[in-house]
Structures are given as C-alpha cells and as structure tokens.
S.K.: 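One structure, as structure tokens, below. Some questions next.
This is a predicted model, so every value here is computed, not measured.
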Amino acid sequence: MEPVTLTTARLLLRTVGPQDTDAVYAAAQDPDIQRWTTIPSPYLPEHARSFTEQLVPDGWANSSMFTFGVFLPEGDLVGMLSLSMRSLGVAEVGFWGAKEHRGHGYTTEAALAASHWAFTQVSIDRVEWRAEVGNTGSRAVAERAGFVVEGTLRSSINNKGVRRDCWVGSLLPSDLGLPSTAPYLPSPA
C-alpha cells in the first residue's frame, strides 16, 4: 500500500523518511520511551536510520505495518504511531509521545484518527492495544481514545529479553459509530 497522510484538527499524520531520522533519534533518547516500548536501548543513530529508511517503508509496501509520524502543522514531531497487522481484520496500535509534547492529547487524537482510517479504509474490524502493566500513560491514552481494557495477559510482552505481563484492550468500529466489514456477534450477557 502507498503511504497515506491523515489530518486532524491539530495534527498531521504522515509516513516518516530519511528527513525525519534526526527528530526520531532525538525523541527516542527519552528514558521513558526506551523503558516502556520495545525500541532498542540504548537507541543509536543507526536504529533511527533503519527505522525511517527500511522498517517504515517496508511496512507500508507489504501492508504489514502502517507507521505514522505525528506532527504539528509547523513540523515538530510530537510522536509516533503504528498499526501492525496481527491477523485477518485485526491490527495492534503502538505509540509513543515526545516528552515535551505530552499532556496535550496529541497521542489520543492520533490514535483515533489512525483507527478511523483503519476501520474505513483498510478493512480492520478490531484495533488492539497492549501495554506493559504499569505503563499508566499508555493506558490513559487508550482509555481516552475509547479502547475497552479487556484484561491482563501474563508473560505476554518480551521487552528487551524480559517477559512481562501486559494490559490488553480493543477498539471496534462500533465504538466510533462505524459499521464493521464483518458481522459481529457478541457473546450473550
């Protein structure tokens, strides 16, 4: 799939490339991003180059991962968000916010925009969110975006060689007032 650009009231979501390597590298120096995400730590310039020049374009080209840099209109990188295909009709959202731009609702806004796009343009019927237990910032973003926290999965995340428990939640098209591409039959109450 060719990369797409999404806009919200305050943000521009677009693919990243070599021109963004320095900004990605700088933002990923934040110890919280390195602690709570699965990016390499320490995060080196070659990691940023590989991400912007190979991983992101390859994900779009083979429709396995749709990565958006989250930017302010004037060009500042405020975060990163990706939708990784997990199974037929299911994508997992992953995101981080640049330290200096946290607390403004940008990541929530980006998660909603990307999920809406996935539901309406990519035949996704479920967006899953996972975060290591204790990552309260990620959980707050997910809940503000409308994700329903469904539980805790034991030993479900491997973060830098250590198995960790994670929270899991989901967002469905109906949560945004959208139709699904496949019928949904919820379990009886």
Side-chain angles (χ1 to χ4, degrees), residues 1-16 33 36-38 56 59-98 101-153 156-157 166-189:
M1 171 181 280
E2 285 296 315
V4 299
T5 298
L6 308 175
T7 57
T8 70
R10 304 181 297 163
L11 302 170
L12 176 70
L13 283 69
R14 64 166 175 79
T15 190
V16 292
I33 292 173
W36 293 111
T37 71
T38 57
V56 171
W60 279 100
N62 64 27
S63 297
S64 64
M65 183 170 65
F66 309 109
T67 302
F68 297 94
V70 181
F71 295 89
L72 294 176
E74 57 271 13
D76 292 348
L77 175 69
V78 300
M80 198 65 57
L81 182 142
S82 67
L83 292 165
S84 301
M85 297 306 299
R86 293 294 175 227
S87 62
L88 183 63
V90 179
E92 181 179 335
V93 68
F95 48 76
W96 55 255
H101 294 290
R102 291 184 195 137
H104 301 286
Y106 296 140
T107 307
T108 300
E109 192 173 322
L112 280 166
S115 295
H116 188 279
W117 170 78
F119 292 146
T120 60
Q121 303 298 315
V122 193
S123 298
I124 300 295
D125 286 317
R126 176 180 167 92
V127 175
E128 293 183 349
W129 159 84
R130 296 168 192 255
E132 183 180 328
V133 170
N135 188 346
T136 56
S138 181
R139 183 172 178 150
V141 166
E143 289 178 334
R144 281 193 303 271
F147 283 76
V148 174
V149 177
E150 298 170 333
T152 301
L153 302 175
S156 184
I157 292 178
C166 80
W167 292 313
V168 63
S170 69
L171 187 70
L172 305 178
S174 58
D175 297 330
L176 302 182
L178 299 169
S180 292
T181 60
Y184 169 46
L185 181 61
S187 60

S.K.: Any chance you could measure Ile124, atom CD1, to Leu171, atom CG, to the nearest 0.5 Å?
M.R.: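 These two atoms lie 12.0 Å from each other.
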S.K.: Of the non-hydrogen atoms in Val149 and Trp129, which two are nearest, and what is the gap between them?
M.R.: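 Closest heavy-atom pair between Val149 and Trp129: CG2-CZ3, 4.1 Å.
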S.K.: For Phe95, which of Leu83, Thr37, Leu81 qualifies under side-chain contact (heavy atoms from CB on, under 4.5 Å)?
M.R.: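 For Phe95, the side-chain contact (heavy atoms from CB on, under 4.5 Å) check succeeds only for Leu81.
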S.K.: Could you grab the distance from atom CG of Leu6 to atom CD of Glu109, nearest 0.5 Å is fine?
M.R.: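 If we round to the nearest 0.5 Å, Leu6:CG and Glu109:CD are 11.5 Å apart.
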S.K.: Would you compute the distance between atom CG of Asp175 and atom CZ of Phe119 and round it to the nearest 0.5 angstrom?
M.R.: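 These two atoms lie 7.0 Å from each other.
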S.K.: Which heavy-atom pair separates Thr7 from Leu12 by the least distance, and what is that distance?
M.R.: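 Smallest heavy-atom distance, with atoms named: CG2-CD1, 3.7 Å.
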S.K.: Ignoring hydrogens, what is the shortest heavy-atom contact between Phe71 and Arg14? Give both atom names and the distance.
M.R.: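 Closest heavy-atom pair between Phe71 and Arg14: CZ-NH2, 3.3 Å.
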S.K.: Can you check side-chain hydrogen bond (donor to acceptor under 3.5 Å, both in side chains) on Trp167 and Ser138, steps first, answer last?
M.R.: CA-CA 10 Å; Trp167 292 313; Ser138 181; over 6 Å; no
S.K.: Dump the intermediate steps for side-chain contact (heavy atoms from CB on, under 4.5 Å) on Val70 and His101, then the final yes or no.
M.R.: CA-CA 11 Å; Val70 181; His101 294 290; over 6 Å; no
S.K.: So for atom CD, which belongs to Glu74, do other residues, nucleotides or ligands contribute more than 12 heavy atoms lying within a distance under 6.0 Å?
M.R.: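 Yes, CD of Glu74 has more than 12 neighbouring heavy atoms, counting only those of other groups under 6.0 Å.
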S.K.: Let me see the working for Val78 and His104 under side-chain contact (heavy atoms from CB on, under 4.5 Å), right down to the final yes or no.
M.R.: CA-CA 10 Å; Val78 300; His104 301 286; over 6 Å; no
S.K.: Phe147 and Ser115: which non-hydrogen atoms are nearest, and at how many Å?
M.R.: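 So the two residues come closest at CZ-OG, 4.3 Å.
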S.K.: Is Thr8 reaching over with its side chain to a backbone N or O of Leu11, donor-acceptor style, under 3.5 angstrom?
M.R.: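 At least one qualifying donor-acceptor pair exists.
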S.K.: side-chain contact (heavy atoms from CB on, under 4.5 Å) between Val4 and Phe66: does it pass, once the steps are laid out?
M.R.: CA-CA 9 Å; Val4 299; Phe66 309 109; over 6 Å; no
S.K.: Salt bridge (charged side-chain N to carboxylate O under 4.0 Å, His left out) with Arg130: which residues, sequence neighbours excluded?
M.R.: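 Partners of Arg130 under the salt bridge (charged side-chain N to carboxylate O under 4.0 Å, His left out) test: Glu92, Glu128.
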S.K.: So how far is it from Glu132 CD to Thr152 OG1, rounded to the nearest 0.5 Å?
M.R.: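 Atom-to-atom, Glu132:CD and Thr152:OG1 are 12.0 Å apart.
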S.K.: Which heavy-atom pair separates Cys166 from Ile157 by the least distance, and what is that distance?
M.R.: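 Where Cys166 meets Ile157 most closely, the heavy atoms are CB-CD1, 3.2 Å.
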S.K.: Measure the shortest side-chain to side-chain distance between Ser63 and Met85 over non-hydrogen atoms and say whether it is less than 4.5 angstrom.
M.R.: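 The answer is no, as the side chains (C-beta and beyond) never meet within the 4.5 Å cut-off.
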S.K.: Using the side chain to side chain donor-acceptor pair (under 3.5 Å) criterion, which residues pair with Thr67? Sequence neighbours excluded.
M.R.: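 If we apply the side chain to side chain donor-acceptor pair (under 3.5 Å) test to Thr67, skipping adjacent residues, there are no hits.
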S.K.: Would you please name every residue forming a salt bridge (charged side-chain N to carboxylate O under 4.0 Å, His left out) with Arg139, sequence neighbours left out?
M.R.: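 Testing Arg139 for salt bridge (charged side-chain N to carboxylate O under 4.0 Å, His left out), a comparison that skips the adjacent residues, returns Glu143.
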S.K.: Side chains of Leu172 and Val148: does their closest heavy-atom pair fall under 4.5 Å?
M.R.: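 When only atoms from C-beta onward are counted, Val148 and Leu172 do not touch, as no gap falls below 4.5 Å.
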S.K.: Looking only at non-hydrogen atoms, find the nearest pair between Ser82 and Met65 and report the distance.
M.R.: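 Reported closest heavy-atom pair: CB-CG, 4.0 Å.
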